[in-house]
Amino acid sequence: MTVLEPIDAYPTQRIAGYPVRAGRSLPFGATRVPGGVNFSVFSNHATSVTLVLYREGEPEPMAELPFPESFRVGSVHAMTVFGLDVERLEYGYRVDGPRRPWEGHRFDPDLVLSDPYARMLTGHGPYRHRSRVTLDDFDWEDDRPPHLPHEDLVIYELHVRGFTGHPSSGVAAPGTYAGLVEKIPYLRELGVNCVELMPVFEFDETDNVFTGVNYWGYSPIGFFAPKASYAATGRDHMQVDEFKHLVKELHRAGIEVLLDVVFNHTAEGDERGPVISFKGLDNATYYMLTPDGHYYNFSGTGNTLNCNHPVVRGFVLDCLRYWAAECHVDGFRFDLAAILGRGSGGELLHNPPLLESLAYDPILRDRKLIAEAWDAAGLYQVGSFPHYSRWSEWNGRYRDTVRRYVKGDLGVTGELATRMVGSPDMYSRRGVAATVNFVTSHDGFTLRDLVSYDHKHNEANGEGNRDGDDANNSWNCGHEGATDDPAVLALRARQQRNALLLLLASRGVPMLLAGDELGRTQLGNNNAYCHDGPLTWLDWGLREENADLFRFTRRAIAFRRAHPVLRGGSPGSVHWHGVSAWSPDWSAHSRVLAALFDGGGSDCVYVAANSHWESHTLELPPAPRGQTWHLFADTAAAPPMDAFEPGSEPPLANQSQLSIGPRSVAILVTH
Amino acid sequence: MRLWKEPRGGVTVISLDGRLDSETAPQVQQDLQALFPEDGLVVLDLSRTLYMSSAGLRVLLLIYRQAQHGTVRLALTGLSPEVRAIMEATGFLGFFTVVESVEQGVEALTV
């Protein structure tokens with residue numbers, strides 16, 4: 001059979017010595033086509049656009065190709081260039097137009113801009129913002145997303161570099177996607193079934209005036225580009241393959257992959273910030289601007305993406321579709337998502353078109369969408385985020401309630417009950433999948449620090465300890481920071497178990513911060529965004545040191561997985577108790593709470609919590625259906641008796657009473 | 001880039017000498033196809049391949065897929081540590097039978 005060659009595989013003219021033809025407007029970005037590369041870029045206000053081509057690593061361009069007027073359709077410039085060696089090609093755009101910042105226009109033809117649709121950036125060295133073309137032909141074989149029910153997830157939030165960057169990780173390529181692949185057996189052993197990767201979109205690691213380090217990466221430059229320096233093969237420009245391989249291997253292990261995505265702002269800052277891409281391409285379209293051309297700053301980082309502008313909406317949608325369809329990512333957690341519900345002047349929209357399109361997008365239909373439902377300008381939408389029956393939320397109120405209860409605050413027992421059953425005060429109509437429960441996340445204290453420090457200790461961040469949250473609801477258990485006092489250490493260990501056990505016995509989607517199961521510390525730093533080293537990297541030596549905590553966490557996760565009633569069920573399947581059975585004490589001074597989750601059959605779980613410094617004896621309700629109570633976990637007991645292997649819990653000697661120790665949580669199960 | 005083949009104990013050994021990147025890949029792919037037997041056992045000897053880029057790895061994978069379509073069994077040998085590390089990190093290695101030497105390849109494929 002003869003394959004007919006397409007006519008458009010041939011150039012029609014030469015520009016700057018290169019054979020070219022008018023390109024296709026869509027898709028945006030640089031796409032390989034027969035014989036060449038199709039470049040397509042949007043700008044509403046540009047007067048001229050030039051494609052700038054470099055041979056890799058060289059300071060001066062090898063060619064500059066102005067787009068002829070005939071290559072423009074609407075506000076989109078498109079050109080197919082033939083005969084390029086894409087492996088050694090770097091490119092960017094020079095864009096001219098009005099220079100009137102007071103009208104929102106900041107065109108500067110002296111600068112070469114990144115392609116916002118670039119699938120790769122160089123990522124390092126003096127020309128790190130240059131765009132590159134990908135080969136984009138990964139062999140996925142029969143990869144399929146695990147499609148786990150949302151409420152069955154146990155999310156594990158981790159930083160790609162921090163997870164294996166420490167020398168103790170023992171992986172071949174520390175701090176990379178490939179390094180993470182080597183740790184999949186660890187994730188399987190722990191029992192988590194979903195990883196949430198902190199930002200992997202290309203960002204500038206040096207972008208910080210205080211320490212010179214941006215570790216977290218909440219400052220994206222290349223929204224389509226996996227971070228090259230997180231790839232062992234980044235210098236060979238194979239980060240896209242390496243990232244896809246990570247997803248494929250995680251799926252093979254039954255683990256889903258969520259990306260923490262940042263669409264509320266970019267790395268370009270305000271008028272003082274660098275011009276990298278959007279500012280020079282079409283500032284007035286991409287950013288929310290005041291009437292006199294200044295940057296609105298709802299993100300706390302200088303600028304705010306104009307995300308409900310139809311063009312920018314398209315950009316966000318294209319980006320997420322790319323990660324979902326081409327990279328097989330299972331969902332997204334949106335940083336400062338409240339901003340995505342704002343209009344071009346920052347006003348709150350009642351029916352935000354971006355959030356609606358994401359909710360109903362055909363490609364994203366099965367992907368998880370999780371909002372961090374607040375922003376840096378005080379908009380707090382936990383429980384009221386425009387959800388279209390699709391969006392989940394990071395439940396900040398869950399975090400605060402559990403922290404306050406575990407610390408021993410009065411007046412939170414009733415609210416704890418509400419949080420433990422999926423926060424029906426906020427999500428009754430949306431179901432338990434709407435709430436992502438967590439006690440710790442990358443932002444704030446680690447779990448160990450939460451029980452080791454009354455105050456944040458961010459001196460090393462270079463901002464006089466003024467940065468980071470002051471409202472941590474933390475308690476140091478009697479001594480601030482490191483100590484060898486065995487009583488303090490024992491209490492801290494117990495408090496960590498209390499928090500983990502409550503989290504894993506609550507309805508809703510639990511999220512663990514990577515390393516909390518090993519007692520990771522940041523020495524009291526609750527805002528470690530600017531440290532890339534031992535302070536933030538996971539020390540795998542803790543695996544031995546805190547083997548008890550790891551085993552406890554593993555068993556608590558396994559227990560959750562063994563009991564569907566903890567992951568969802570009717571409100572009527574939960575019964576409340578107190579010191580007396582069937583008599584919960586909802587008064588403000590109460591510190592004891594017990595919940596009976598009854599899913600029928602042997603799926604019956606009794607969770608008792610005591611934040612009092614004295615022990616109490618609780619009257620037990622009879623185990624239903626003629627069964628008997630068995631002890632799964634008791635945080636007051638010394639390891640390894642603090643939790644048993646699910647399925648082999650020992651029977652309780654006294655079936656009518658449970659003695660619950662000071663500041664502890666216990667869980668019973670029927671057999 | 002130079003390619004040649006020689007029969008060794010019932011196995012066709014194909015050696016690649018030079019750089020395998022986007023510039024040489026299209027030609028190498030054609031040459032490889034021409035040298036490939038219809039069926040049987042093939043060892044690709046890369047010990048003289050000085051450099052392999054992303055496009056080079058794709059040539060190997062393409063050849064592997066073609067071999068699968070027919071009845072050829074294929075092994076790679078002579079991977080430099082750098083190439084091996086790249087193939088490992090990107091998942092390419094998982095597709096191939098990799099052997100330490102041509103002799104071992106002959107042995108592995110004829111068993």
Side-chain angles (χ1 to χ4, degrees), chain A residues 32 34-37 55-56 83-89 119-120 132-141 143 160 164 171-182 184 226 228-252 327-328, chain B residues 1 16 18-34 44 46 49-70 72-76 78-98 100:
Chain A
R32 287 199 308 153
V37 179
R55 190 173 285 279
E56 73 175 337
L84 295 171
D85 177 358
V86 298
E87 280 200 334
R88 283 189 234 164
L89 180 73
R119 306 297 207 250
M120 279 200 281
R132 295 184 64 98
V133 182
T134 55
L135 296 178
D136 238 355
D137 57 354
F138 186 75
D139 190 341
W140 283 100
E141 297 177 280
D143 178 73
V160 171
T164 64
V171 301
T176 64
Y177 308 120
L180 181 49
V181 169
E182 285 192 59
I184 290 175
S229 72
Y230 288 175
T233 59
R235 293 202 173 265
D236 299 293
H237 315 297
M238 293 191 68
Q239 60 264 34
V240 179
D241 293 275
E242 188 173 326
F243 179 82
K244 290 175 176 174
H245 178 58
L246 166 65
V247 176
K248 187 173 161 184
E249 289 300 311
L250 283 164
H251 283 175
R252 200 169 271 174
C327 302
H328 294 202
Chain B
M1 189 74 176
L16 283 72
R19 292 170 62 89
L20 183 45
D21 57 17
S22 56
E23 211 168 297
T24 58
Q27 190 61 47
V28 171
Q29 196 184 319
Q30 270 188 27
D31 295 351
L32 264 177
Q33 271 165 344
L44 274 187
L46 303 172
T49 308
L50 306 172
Y51 172 83
M52 176 129 47
S53 76
S54 168
L57 290 172
R58 287 173 159 81
V59 169
L60 296 187
L61 195 53
L62 217 57
I63 288 292
Y64 167 75
R65 287 286 178 233
Q66 284 166 1
Q68 267 191 323
H69 261 287
V72 172
R73 287 171 60 204
L74 175 70
L76 300 184
L79 300 181
S80 71
E82 297 77 37
V83 169
R84 202 189 175 92
I86 291 173
M87 289 181 76
E88 175 99 62
T90 51
F92 278 85
L93 201 59
F95 292 108
F96 295 100
T97 303
V98 178
E100 292 306 315

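Proteins come first, then strands; the chains are lettered A, B, ... in the order of their sequence lines, and each starts at number 1. All values derive from a computational prediction rather than experimental measurement.
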Quiz item: For the atom pair OG (Ser22(B)) and CG (Leu89(A)), what is the distance rounded to the nearest 0.5 Å?
Solution: 10.0 Å

Practice problem: Please lay out, stage by stage, how Glu87(A) and Ser54(B) fare under the test side chain to side chain contact (heavy atoms under 4.5 Å, CB included). | Solution: CA-CA 8 Å; Glu87(A) 280 200 334; Ser54(B) 168; 3.3 Å; yes

Quiz item: Is Arg55(A) atom CZ crowded by more than 12 heavy atoms from other residues, nucleotides or ligands, each under 6.0 Å away?
Solution: no

Exercise. Could you tell me which portion of Lys244(A) (side chain, backbone, both or neither) has an atom closer than 4.5 angstrom to a non-hydrogen atom of chain B?
Key: neither

Self-check item: From CE (Met238(A)) to CG (Leu57(B)), nearest 0.5 Å
Solution: 5.0 Å

Practice problem: Report the distance from atom CE of Met87(B) to atom CG of Asp241(A), rounding to the nearest 0.5 Å. | Solution: 11.5 Å

Practice problem: Can you tell me which residue pairs pass the side chain to side chain donor-acceptor pair (under 3.5 Å) test with a partner in residues 81-90 of chain B, sequence neighbours excluded? | Solution: Ser80(B)-Glu82(B)

Exercise. Could you tell me which of Asp236(A), Val181(A), Val86(A) has the largest number of non-hydrogen atom pairs under 4.5 Å with chain B?
Key: Asp236(A)

Self-check item: Engaged part of Gln239(A) at the chain B interface, taking heavy atoms whose separation is under 4.5 Å
Solution: neither

Self-check item: Options Arg88(A), Glu249(A), His245(A), ranked by heavy-atom pairs under 4.5 Å with chain B, top entry
Solution: His245(A)

Quiz item: Ala232(A) versus chain B, heavy atoms under 4.5 Å apart: side chain, backbone, both or neither?
Solution: side chain

